[in-house]
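Reviewing the structure listed below.
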Amino acid sequence: MARKSDGESVLGKHLRILDAFEPQRPELTLTEIVGITGLATSSTHRLLKELLEEGLVERAPGRLYRLGTRLWEYASRTPGALGLRELARPWLDAVHVRVRQHTQLAVLRGHEVLFIDRQSTRDAVVNATLIGGRIPVPLSSSGIVLLAHAEENLVDAVIAEGWPRTTRETPADGPELRQLLRQAHARGHAVCDGFIHEQSRGIAVPVMGQYGAPVAALGVVVARDDTPVLGTVELLKGAAKGISQALLSTETGIQPLLTTSRASLEYFATLDADEDVEHRRMHRERHSETIR
């Protein structure tokens, strides 16, 4: 992989451009991308051209750029999209019907929480998360329950990096965060009052995977009021257990990961078989040419 003199790979610079786009700013000008990434204008222009050619970035009206649909194609093939999200959706919906606020599914990505699914109602309280959006771990109940089961070196790294304090309730420092993590680990859930917005309360539980470690967090954002939280906690724990059992019952491959009809799964199987036959045929032809 080619590298520039500053030591950053060309791929790293491409990713820096892609990272500049966020749900709150889906379209950017060249000047804005330069300002966000810190890359030189000439380099940014060249890298954008390469991303455009590959369909990873698209042009939008008004000399704007936006993420390309080819990224959606890749994302749709990941186990997280085909597996966890589809398996969790019935449970997410069941919680949302009861809560009628915000219900969301999140995974840990570095020092941030990535939200991969969410249900909301128009009259719900303030929630700063969006599908595909990230927020620092210490600001989210989902982040707290996930970090509570993480390795100590990740906790140290999160504390060393720091995080913004958006309200007076946001964890102030490392000792306060560690106390929250100990409580979440012991209780099996986290309740975060006003961490992002003073009127909102985040409640989350871990979704456990095969080896007793969380693979995701299931959470809600509700009004910060006098309503007891234990009922919501038990609702979330029941749904998280259902997701965990669904994950444990799946096997390798596409079939158990897709929510579709039996006829469709049989059709996919014939496609797989046809591809195997074609692959073996091509292998034999290449082998014969090598012998000749």
Side-chain angles (χ1 to χ4, degrees), residues 15 18-19 22-23 71 74-89 91-92 95 102-119 127-166 170-171 173-174 176-192 195-196 202-221 233 236-237 239-244 246-248 250 257:
L15 291 176
L18 296 178
D19 284 342
E22 294 185 357
L71 289 171
Y74 289 139
S76 298
R77 300 173 199 163
T78 65
L82 284 175
L84 177 60
R85 187 176 177 184
E86 287 214 20
L87 291 173
R89 176 48 77 94
W91 299 98
L92 191 82
V95 172
H102 306 282
T103 308
Q104 49 204 29
L105 187 70
V107 294
L108 196 61
R109 288 294 179 267
H111 301 172
E112 296 177 309
V113 183
L114 171 65
F115 293 88
I116 62 175
D117 207 353
R118 175 182 162 193
Q119 293 277 33
N127 184 5
T129 64
L130 297 169
I131 296 177
R134 302 185 184 210
I135 62 174
V137 165
L139 272 62
S140 166
S141 56
S142 294
I144 296 297
V145 294
L146 291 172
L147 193 61
H149 292 81
E151 297 291 336
E152 188 63 27
N153 59 353
L154 178 57
V155 177
D156 293 339
V158 169
I159 292 173
E161 182 177 290
W163 56 89
R165 291 201 72 194
T166 55
T170 306
D173 51 29
E176 188 173 342
L177 177 61
R178 290 185 189 277
Q179 177 64 19
L180 289 169
L181 298 179
R182 286 192 292 268
Q183 291 176 352
H185 194 279
R187 298 171 180 172
H189 69 271
V191 178
C192 300
F195 279 22
I196 295 180
I203 308 172
V205 301
V207 176
M208 293 303 190
Q210 182 177 1
Y211 301 106
V215 295
L218 180 65
V220 297
V221 177
V233 168
L236 287 170
K237 286 185 176 180
K241 184 177 180 181
I243 299 171
S244 296
L247 287 169
L248 293 173
T250 60
L257 299 179

Any side-chain to backbone donor/acceptor pair from [X] onto [Y]? Under 3.5 Å, distance only.
{"X": "Ser142", "Y": "Ala217", "value": "no"}
{"X": "Trp163", "Y": "Thr170", "value": "no"}
{"X": "Arg85", "Y": "Ile116", "value": "yes"}

Note, [X] side chain near [Y] side chain (heavy atom, < 4.5 Å):
{"X": "Phe195", "Y": "Ile135", "value": "no"}
{"X": "Leu92", "Y": "Ile243", "value": "no"}
{"X": "His111", "Y": "Arg134", "value": "no"}
{"X": "Leu105", "Y": "Trp91", "value": "no"}
{"X": "Arg187", "Y": "Val233", "value": "no"}
{"X": "Val205", "Y": "Val145", "value": "no"}

State, to 0.1 Å, how close [X] and [Y] come at their nearest heavy-atom pair, and which atoms those are.
{"X": "His149", "Y": "Pro206", "result": "CE1-CG, 4.1 Å"}
{"X": "Ala216", "Y": "Val107", "result": "CB-CG1, 4.0 Å"}
{"X": "Val113", "Y": "Gly143", "result": "CG2-CA, 3.3 Å"}
{"X": "Leu87", "Y": "Ala246", "result": "CD1-O, 4.0 Å"}
{"X": "Val215", "Y": "Gly209", "result": "CG1-CA, 3.8 Å"}
{"X": "Leu154", "Y": "Gly110", "result": "CD1-O, 4.0 Å"}

- Greater than 12 external heavy atoms within 6.0 Å of Lys237's NZ: yes

Rounded distance [0.5 Å steps], [atom1] in [X] versus [atom2] in [Y]:
{"X": "Leu180", "Y": "Ser141", "atom1": "CG", "atom2": "OG", "answer": "11.0 Å"}
{"X": "Arg109", "Y": "Leu114", "atom1": "CZ", "atom2": "CG", "answer": "6.0 Å"}
{"X": "His189", "Y": "Leu218", "atom1": "NE2", "atom2": "CG", "answer": "13.5 Å"}
{"X": "Met208", "Y": "Leu248", "atom1": "CE", "atom2": "CG", "answer": "11.5 Å"}
{"X": "Arg182", "Y": "Leu177", "atom1": "CZ", "atom2": "CG", "answer": "9.5 Å"}

- Partner set under salt bridge (charged side-chain N to carboxylate O under 4.0 Å, His left out) for Glu152, not counting sequence neighbours: Arg178

- Task: Return the set of residues passing salt bridge (charged side-chain N to carboxylate O under 4.0 Å, His left out) with Glu22 (not counting sequence neighbours), or none when no residue passes.
- Result: Arg25

- Note on the structure: Exactly one candidate in Asp117, Val221, Val95 meets side chain to side chain contact (heavy atoms under 4.5 Å, CB included) with Thr103; the answer is Val95

- Message: Set out, in order, the CA-CA distance, both residues' side-chain angles and the distance that settles side chain to side chain contact (heavy atoms under 4.5 Å, CB included) for Leu146 and Val137, then state yes or no.
- Response: CA-CA 8 Å; Leu146 291 172; Val137 165; over 6 Å; no

- Message: Apply side chain to side chain contact (heavy atoms under 4.5 Å, CB included) to residues Ile159 and Asp173 and explain how you reach the verdict.
- Response: CA-CA 7 Å; Ile159 292 173; Asp173 51 29; over 6 Å; no

